[in-house]
Enquirer: 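Quick one: the structure is below, questions incoming.
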Amino acid sequence: NLGHEYAEGYGERPAGKVEWEWLLNRNFEKDKAIAALDGVLDSLARLKQIPARKRKVVLTLPEPIVGFKDWGRINHSSLDFDSASHRLNACKWYIETALEKWKTANFKHLELMGFYWVAEHNTGAAEILPEVSRFIHQKDKRFYWIPYYGAEGAGQWKEMGFDIAYQQPNYFFNTITPYDILTGALNFAKKHKMALEMEFDSRVVDQPEFRSRYSAYIKEFQNYGVWENLPVAYYEGGSGW
């Protein structure tokens with residue numbers, strides 16, 4: 001929702017319960033997002049192009065931002081995010097609400113795999129993440145994370161309860177970023193048994209300096225055995241595909 005942040009550090013007002021509900025409703029809106037994906041797959045099925053398997057979907061889980069004192073109410077109680085238990089309760093509410101919406105939607109061609117922690121560092125959440133993870137696992141779902149290179153807590157992703165963490169290299173986006181940022185991210189990921197993220201945007205199409213950066217990912221991912229041995233997430237920053 002414009003004007004609000006769903007993770008700490010973006011300079012906007014923290015998203016409250018109203019904005020968290022907006023996000024859920026938007027994700028489950030008719031003919032948008034998840035429903036649109038299911039609809040496309042269903043239209044293909046009617047043309048006898050039957051999907052080989054259900055597509056796996058992961059839903060965003062917002063960060064309850066420390067210090068936000070007016071998030072909203074659950075069961076007639078106001079939540080103050082100075083309290084770790086209140087932050088945890090907000091996450092549990094969101095997860096349970098999302099699972100109910102998924103069940104009600106009754107998608108034909110989709111499977112809900114779990115939740116993605118949208119914050120790219122764990123500065124304000126380390127004390128609640130293991131409990132959030134336990135709650136997600138109780139629901140028989142998985143917990144995903146994609147920290148930026150150098151993010152606090154990235155090397156401790158397993159201890160925080162994540163099932164998988166994809167390392168962002170952060171090399172593509174600025175032509176002055178040195179090459180050792182890319183190789184450093186790959187070495188960090190290898191050391192901490194992380195997966196990797198491929199990154200690009202529309203500048204790869206018509207700007208040679210960014211195309212060369214895109215090519216560097218491909219080359220170094222090959223050198224490090226990423227393509228053959230690791231899951232790869234894709235960040236596409238607009239019109240790149």
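For reference, positions follow the sequence shown, starting with 1.
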Enquirer: Could you tell me if the side chain of V66 sits less than 4.5 Å from the side chain of T123, heavy atoms only?
Expert: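 Answer no - side chains too far apart.
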
Enquirer: Mind listing the closest non-hydrogen atom pair of W102 and I34 along with its distance?
Expert: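 The pair with the smallest heavy-atom distance is CZ3-CG2, 3.7 Å.
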
Enquirer: To the nearest 0.5 Å, how far apart are CG in L23 and CG in L59?
Expert: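 Here the rounded value is 9.0 Å.
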
Enquirer: Any chance the side chains of Y6 and E19 put a donor and an acceptor closer than 3.5 Å?
Expert: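 Their side chains do not contain a donor-acceptor pair, so the 3.5 Å distance test is not met.
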
Enquirer: Just wondering, are more than 12 heavy atoms of other shown residues or ligands nearer than 6.0 Å to CG in D140?
Expert: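 Open.
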
Enquirer: Are M198 and Y116 grouped together when hydrophobic residues (ILVMFWY) are joined by side-chain heavy atoms under 4.5 angstrom apart?
Expert: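 No, M198 does not connect to Y116 through the hydrophobic network.
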
Enquirer: Taking atom types as modelled, find out whether N187 and Y224 have a side-chain donor-acceptor pair closer than 3.5 angstrom.
Expert: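 Looking only at side-chain atoms, Y224 and N187 do form a donor-acceptor pair, the distance falling under 3.5 Å.
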
Enquirer: Test: side chain to side chain donor-acceptor pair (under 3.5 Å). Region: residues 231-241. Which pairs qualify, not counting sequence neighbours?
Expert: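 Every pair satisfying side chain to side chain donor-acceptor pair (under 3.5 Å) with a residue in residues 231-241: there are none.
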
Enquirer: Could you see if Y148 belongs to whatever hydrophobic cluster contains M194? Use Ile, Leu, Val, Met, Phe, Trp, Tyr and a side-chain cutoff under 4.5 Å.
Expert: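 Each belongs to a different hydrophobic cluster.
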
Enquirer: Tell me whether E100 is salt-bridged to K103, with the criterion being a basic N under 4.0 Å from an acidic carboxylate O.
Expert: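 A salt bridge is absent here (no side-chain N lies under 4.0 Å from a carboxylate O).
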
Enquirer: Once you round to the nearest 0.5 Å, how far does CD of E96 lie from SG of C91?
Expert: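 Those atoms lie 11.5 Å apart.
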
Enquirer: Measuring only between side-chain heavy atoms, which start at C-beta, is H4 closer than 4.5 Å to W22?
Expert: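 Sidechains of W22 and H4: no contact.
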
Enquirer: Can you check side chain to side chain contact (heavy atoms under 4.5 Å, CB included) on F210 and T175, steps first, answer last?
Expert: CA-CA 7 Å; F210 288 99; T175 56; 3.7 Å; yes

Enquirer: Going by an N to O cut-off under 4.0 Å, is there a salt bridge joining K108 and D38?
Expert: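 No salt bridge links K108 with D38.
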
Enquirer: Which atom names give the shortest non-hydrogen contact between P64 and I128, and what distance separates them?
Expert: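 What the structure gives for the nearest pair is CG-CD1, 3.9 Å.
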
Enquirer: Please answer: with hydrophobic residues joined when any side-chain heavy atoms are less than 4.5 Å apart, are L186 and Y149 in the same cluster?
Expert: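 Not linked; separate clusters.
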
Enquirer: To the nearest 0.5 Å, how far apart are CG in N89 and CD in E131?
Expert: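 Here the interatomic distance stands at 11.0 Å.
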
Enquirer: W145 side chain to A154 main-chain N or O, any donor-acceptor pair under 3.5 Å?
Expert: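 Not at all, since once roles are kept as given, no pair shorter than 3.5 Å links the two residues.
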
Enquirer: Between the side chain of E5 and the main-chain N/O of Y10, is any donor-acceptor distance below 3.5 Å?
Expert: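 Side chain of E5 to backbone of Y10: a pair is present.
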
Enquirer: Quick check: closest heavy atoms across F68 and A15, and the distance to 0.1 Å?
Expert: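 Nearest pair, atom of F68 first, then A15: CE2-O, 3.7 Å.
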
Enquirer: Is the shortest heavy-atom distance from the side chain of W157 to the side chain of M160 under 4.5 Å?
Expert: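 Result no, sub-4.5 Å side-chain heavy-atom pair not found.
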
Enquirer: Roughly how far apart are Q156 CD and K158 NZ, rounded to 0.5 Å?
Expert: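 One gets 12.5 Å once the value is rounded to the nearest 0.5 Å.
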
Enquirer: Just jot down the side chain to side chain donor-acceptor pair (under 3.5 Å) partners of D201, sequence neighbours excluded, or say none.
Expert: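 Partners of D201 under the side chain to side chain donor-acceptor pair (under 3.5 Å) test: R203.
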
Enquirer: When you look at H109 and R55, which way does the side chain to side chain contact (heavy atoms under 4.5 Å, CB included) test go after all the steps?
Expert: CA-CA 6 Å; H109 306 285; R55 297 297 193 273; 6.0 Å; no

Enquirer: Donor-acceptor check, side chain of R211 to backbone of V205, threshold 3.5 angstrom: yes or no?
Expert: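 Between the backbone of V205 and the side chain of R211 there is a qualifying donor-acceptor contact (under 3.5 Å).
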
Enquirer: I'd like to check V232 versus V226 (side-chain heavy atoms, cut-off strictly below 4.5 Å). Are they in contact?
Expert: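 Of all side-chain heavy-atom pairs linking V226 with V232, at least one is under 4.5 Å.
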
Enquirer: How many angstroms lie between CD in E120 and CD in E63, if you round to the nearest 0.5 Å?
Expert: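 So the gap between those two atoms works out to 11.0 Å.
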
Enquirer: Under the criterion side chain to side chain donor-acceptor pair (under 3.5 Å), which of R87, K69, H86 is the partner of D80?
Expert: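 Answer after filtering R87, K69, H86: K69.
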
Enquirer: Taking all atoms of both residues into account, what is the closest heavy-atom pair of V57 and L112, and its distance?
Expert: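 Closest heavy-atom pair between V57 and L112: O-CD1, 3.5 Å.
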
Enquirer: On a heavy-atom basis, which atom in P169 and which in I181 lie closest, and how many Å separate them?
Expert: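 Taking P169 first and I181 second, the nearest heavy atoms are O-CG2, 3.2 Å.
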
Enquirer: Are more than 12 heavy atoms, taken from residues, nucleotides or ligands other than K101, located less than 6.0 Å from that residue's NZ atom?
Expert: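 Count over threshold, so yes.
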
Enquirer: Same hydrophobic cluster for Y94 and L129, using side-chain heavy-atom links shorter than 4.5 Å among ILVMFWY?
Expert: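 Yes; tracing contacts between hydrophobic side chains, which count when under 4.5 Å, links both residues.
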
Enquirer: Do I218 and Q222 pass the side chain to side chain contact (heavy atoms under 4.5 Å, CB included) test, and can you show the C-alpha distance, the side-chain angles, and the key distance before you say yes or no?
Expert: CA-CA 6 Å; I218 295 173; Q222 184 68 39; 5.7 Å; no

Enquirer: Taking side chain as C-beta onward, heavy atoms only, is L41 less than 4.5 Å from L110?
Expert: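 The answer is yes, as the side chains (C-beta and beyond) meet within the 4.5 Å cut-off.
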
Enquirer: Say you draw a straight line from NZ of K190 to CG of N229; how long is it, rounded to the nearest 0.5 Å?
Expert: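 Going from the NZ atom of K190 to the CG atom of N229 covers 10.0 Å.
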
Enquirer: Say whether, by atom type as modelled, one donor and one acceptor occur between the side chain of E152 and the main chain of H121 under 3.5 angstrom.
Expert: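 Here the side-chain-to-backbone pair does not exist.
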
Enquirer: Mind telling me whether W20 and W71 have parallel, tilted or perpendicular rings, with 30° and 60° as the class edges?
Expert: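 Plane angle over 60°, so perpendicular.
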
Enquirer: So, E8 side chain and A119 main chain: donor-acceptor pair closer than 3.5 Å or not?
Expert: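 Answer holds: no.
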
Enquirer: Less than 4.5 Å apart, any side-chain heavy atom of Y217 and any of E197?
Expert: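 Sidechains of E197 and Y217: no contact.
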
Enquirer: Would you say I74 and L61 are hydrophobically clustered, going by side-chain heavy atoms of ILVMFWY under 4.5 Å?
Expert: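 Linked within one cluster.
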
Enquirer: Would the F143 and F115 ring centres measure less than 6.0 Å apart?
Expert: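 No, ring centres 6.0 Å or more apart.
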
Enquirer: For a 4.5 angstrom cut-off between non-hydrogen side-chain atoms, does E111 reach R53?
Expert: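 They are not in contact (no side-chain heavy atoms under 4.5 Å apart), so the answer is no.
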
Enquirer: Does the Lys NZ or Arg CZ of R213 fall within the cation-pi geometry relative to Y171 - under 6.0 Å from the ring centre and within 45° of the axis?
Expert: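 Ring-cation test returns yes.
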
Enquirer: Can you give me the closest heavy-atom contact between I146 and A233, atom names plus distance?
Expert: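 Heavy atoms of I146 and A233 come nearest at CD1-CB, 4.2 Å.
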
Enquirer: Report yes if the side chains of F28 and F107 come closer than 4.5 Å at any heavy-atom pair, otherwise no.
Expert: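 With C-beta onward as the side chain, the pair touches.
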
